[in-house]
Amino acid sequence: MKNREIAELLYETADIMEFQQIEWKPRAYRRAAQNIENLGEDIEKVYERKEKKGLTEIPGIGEAIADHIAEYLETGKVKKFEDLKGKAPSGTTELMEIRGLGAKKTKRLADELKIKTVSDLKAAVNAHRIRRLEGFGERSEENIARALRNYEKSHSRMALGKALPLAEEIIFVLKTSLKTSLKTELGSKTPKIDLSKLIYTGSLRRLKETIGDIDILAEAEGEQVGKVMDAFVSLPAVGQVVSKGNTRSSVILKEGPEVDLRVVPPESYGAALQYFTGSKEHNIELRNIAQREGYKLSEYGLYEKASGKHVAGKSEEEVYRKLGLEYIVPELRENRGEIKAAIKKTLPKLIDAGDLRGDFHLHTDYSEGRASLETMVKKAETIGYEYIAVTDHSRSQRIAHGMEIDTLKAQWDEIEKLSKRFRMKILRGSEVEILKDGSLDYPDEVLKKLDIVVGAVHSGFSSTEREMTGRIVTALENRHLDILAHPSGKLLGKREAYAADFGTVFETAAANGKVMEINSQPSRLDLNDELILRAKEYGLKFCISTDSHSVSDLASMRYGLGQARRGWLEKEDVVNTYPYSRLKEVFKKLRD
DNA sequence: GCCGTTTTCGGCCCGACTGTTTTCAGTCG
């Protein structure tokens, strides 16, 4: 799959063009790159099937870019891009990633100070050569120095599972601080701040698998604004204040990530929430619609273009309705067809947290889990689940204390005993290793006694695409396998997905009635939204599982649920929303 | 370079903050 590769190439080319002060083209290139990332289909396959014509059918790709992509797929490079790159200094695109440095400044640094790489920049900062440049000055130099330190510390994205609790914590502390300061001015006549309106927005609200920075929105007016901003920049977690204004302030936390706070008045709250939730691509599309309909849309509201009259903005729902659209939930706002669906009123009714009735992937201290079987069962029952599957590792997973057959049977005995004491159905499961040759890690007579077999790959990540695809396909053709766990094998920020032809994997899975897991572990989120969208095309069913290794992990469900919603899944697509009585339709070996 | 209920040319989202600039350009989201 070369989608990401090609998108990266287009983004890089856009940066270089911008550096060379070429107008408009960078925008076209970025838009094309974005659409390739969101394609949900292998671009190579598109090209094989329909050649260049297929490429130009992708939005944002016309004749010229289609030719470049074709050239890349045929030869592995694009002559025009190579030439372009040859004319720009080698470190250009990297320098432009540093906060505060865009195309113009990078160009001036290169032209006037011969700064071409990050280390050139560092040297220039240390020698105070930047402040002598016309239009730069001492402050600019200090800011570049700080941005440089930040860039080196972390220019990677944070996992959703880390960012979300962090944002919740910040909001909680900010609310507490504001409550206290509001109380101390008892008797003041200024309107109170509605603290329920203090929420996180941005990619976090869209539950994207990784987060660049944390965006927070608050509602306040008049002198209250200053109070919110003051409370925000003086939070204990703040390491550095980047900017502070009347509508926006920006800080960098000691922990690393940047947090932006925007404050808007009540009549604009909905428009601002919509705007800051993004995505950027979704918003641009929305503004285009607004323009066509004779409106102007900004974070302050929807305005009639002719009269300048404010016609919507109090709530998000109002903004969408006024534009003739069904309300679109944050998880769908990626410009992946949701706007067209909202116009036609054919948006999916997404799966909700309340729909989930069980969990098909969890570990106990029989293998690498940290809690006992009984503790896990007890906690799952408190959540209100109707069933769970206990899926400890199979025998060849030595590192994870994989279970020999005798131990597995002992676990079945304990499950039997516990079943008498708990209302919830406890299923005999196993996370069975898919071995190098695609066979499963227990003999058939053991597998057939399991209620649920969750197959997983944990080794041989550097296999070729052919080997890995063959291995998984063989496993999917095994009648004992029910669920394919963490199908892509990626670890966020640590390990790429293994090379496998997911088209073939999904096709085989669909033909054999297998279920695809959406693994909710914060470090995995696998399948992610893009692969879910692809898998759904093949008519596959999914399950959202936590892969819990401790009691607290059971709460990770919300991250997997987020990916499912981003992947347009409805209740019916996800088998752990089915009542137990219906599960037999999916898992044939299930006992009554 | 792309696109079209403004349709084959002429647009291309919009507003806030910073710094050094005395009226605005650059950058960001």
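In the text below, chain A, chain B and the rest are named by the order of the sequence lines, each starting its count at 1. We use all heavy atoms of the structure for the numbers below, so side chains are in, but hydrogens, waters and symmetry mates are not. Predicted, not measured: the structure shown is a model, and the values here were computed from it.
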Using atom P of each nucleotide, how far apart are dG11(B) and dT6(B) to the nearest Å? 15 Å

Compare the minimum distances between each of dC17(B), dC14(B), dG1(B) and the side chain of Arg248(A), then state the nucleotide with the smallest one. dC17(B)

For Glu138(A), report the nucleic acid contact type (base, sugar-phosphate, nothing); a contact means any heavy atom under 4.0 Å. sugar-phosphate

Tell me whether the OP1 or OP2 atom of dG29(B) has a side-chain N or O from Lys280(A) closer than 4.0 Å. no

Between Glu23(A) and Asn246(A), whichever has its closest DNA chain B nucleotide further toward 5' is Glu23(A)

Would you tell me whether Tyr151(A) and Glu94(A) have side-chain atoms, one donor and one acceptor, within less than 3.5 Å of each other? yes

Over all strands shown, is Lys80(A) touching base, sugar-phosphate only, or nothing at heavy-atom distances under 4.0 angstrom? sugar-phosphate

Under 4.0 Å between a side-chain N/O of Arg287(A) and OP1 or OP2 of dC12(B), yes or no? no

Sole candidate of Leu10(A), Ile61(A), Ile58(A) that passes side chain to side chain contact (heavy atoms under 4.5 Å, CB included) when paired with Asn35(A): Ile58(A)

So what does Lys105(A) touch, heavy atoms closer than 4.0 Å: a base, only the sugar-phosphate, or nothing? sugar-phosphate

State which of dG15(B), dG29(B), dG1(B) makes the closest approach to the side chain of Arg99(A). dG29(B)

Rounded P spacing from dT23(B) to dC17(B) in Å: 22 Å

If the cut-off is 4.0 Å, is Lys244(A) near the phosphate of dA16(B), judged by side-chain N/O to OP1 or OP2? no

Partners meeting side-chain hydrogen bond (donor to acceptor under 3.5 Å, both in side chains) with Glu8(A) (sequence neighbours left out): none

Take the protein atom CG of Asn288(A) and the nucleotide atom C1' of dG4(B), then report the distance between them rounded to whole Å. 12 Å

For a quick check of understanding: with a heavy-atom distance under 4.0 Å over all strands, which category does Ile289(A) fall into, base, sugar-phosphate or nothing? nothing

To the nearest angstrom, how far is Ile144(A) atom CD1 from dG26(B) atom P? 14 Å

Rounded to the Å, how far apart are Lys208(A) NZ and dG29(B) C1'? 14 Å

Just call it for Arg262(A): base, sugar-phosphate, or nothing, with non-hydrogen atoms closer than 4.0 Å on any strand. sugar-phosphate

For Ala145(A) and Val125(A), which heavy atoms make the closest approach, and how far apart are they? CB-CG1, 3.6 Å

Separation of dC28(B) P from Ile98(A) CD1 (nearest whole Å): 10 Å

Would you measure the distance from the C1' atom in dT8(B) across to the matching atom in dG15(B) and give it in whole Å? 32 Å

P gap between dA16(B) and dT20(B), integer Å: 22 Å

Are the side chain of Ser279(A) and the backbone of His282(A) linked by a donor-acceptor contact shorter than 3.5 Å? yes

Going by the salt bridge (Lys or Arg N to Asp or Glu O under 4.0 Å) test, name the single residue among Lys322(A), Arg321(A), Arg333(A) that passes it with Glu316(A). Arg333(A)

Residue whose nearest DNA chain B nucleotide is more 5′ - Arg139(A) or Lys296(A): Lys296(A)

May I ask you to evaluate whether Gln291(A) reaches the phosphate of dC14(B), defined as a side-chain N or O under 4.0 Å from OP1 or OP2? yes

OP1 or OP2 of dC17(B) versus the side-chain N and O atoms of Ser250(A): is any pair under 4.0 Å? no

Strictly below 4.0 Å: does Tyr300(A) bring a side-chain N or O up to OP1 or OP2 of dA16(B)? yes

Would you sort out whether Lys2(A) and Asp42(A) count as a salt bridge (Lys or Arg N to Asp or Glu O under 4.0 Å), showing the intermediate values? CA-CA 7 Å; Lys2(A) 295 196 171 142; Asp42(A) 193 339; over 6 Å; no

Between Thr247(A) and dC17(B), does any side-chain N or O lie under 4.0 Å from OP1 or OP2? yes

I want to verify a distance call: between dC2(B), dT18(B), dG15(B), whose nearest atom is closest to the Asn143(A) side chain? dT18(B)

What is the distance, rounded to the nearest whole Å, between atom NZ of Lys104(A) and atom C1' of dT18(B)? 16 Å

Going by ring-ring contact (aromatic ring centres under 6.0 Å, His included), name the residues that satisfy it together with Phe172(A), two or more places apart in sequence or in a different chain. none

Separation of dG29(B) atom P from Tyr275(A) atom OH, nearest Å, is 11 Å

DNA chain B-proximal residues of residues 53-63 of chain A, any heavy atom under 4.0 Å: Pro59(A), Gly60(A), Ile61(A), Gly62(A), Glu63(A)

By the Watson-Crick or G-U definition, both distances under 3.5 Å, dT8(B) is matched with none

Which residues in residues 11-19 of chain A have a heavy atom closer than 4.0 Å to any atom of DNA chain B? none

Which pair of non-hydrogen atoms, one from Leu492(A) and one from Pro522(A), has the smallest distance, and what is that distance? CD1-O, 3.3 Å

List in chain and number order the residues that pass ring-ring contact (aromatic ring centres under 6.0 Å, His included) with Tyr300(A), two or more places apart in sequence or in another chain; answer none if no residue qualifies. none

Candidate list Thr92(A), Thr93(A), Ile98(A), test side chain to side chain contact (heavy atoms under 4.5 Å, CB included), partner Met96(A), passing option: Thr92(A)

I'd like a table of donor-acceptor pairs (distance under 3.5 Å, sequence neighbours excluded) in which one partner is a side-chain atom from residues 78-85 of chain A, with atom names and distances.
residue	atom	partner	partner atom	Å
Lys79(A)	NZ	Asp83(A)	OD2	3.2
Lys85(A)	NZ	Glu12(A)	OE2	3.3

Which part of the nucleic acid, if any, lies within reach of Ala32(A) when heavy atoms closer than 4.0 Å are counted: base, sugar-phosphate only, or nothing? nothing

What is the distance from CH2 of Trp24(A) to P of dC3(B), rounded to the nearest Å? 16 Å

What is the distance, to the nearest angstrom, from the CG atom on Leu261(A) to the P atom on dG29(B)? 15 Å

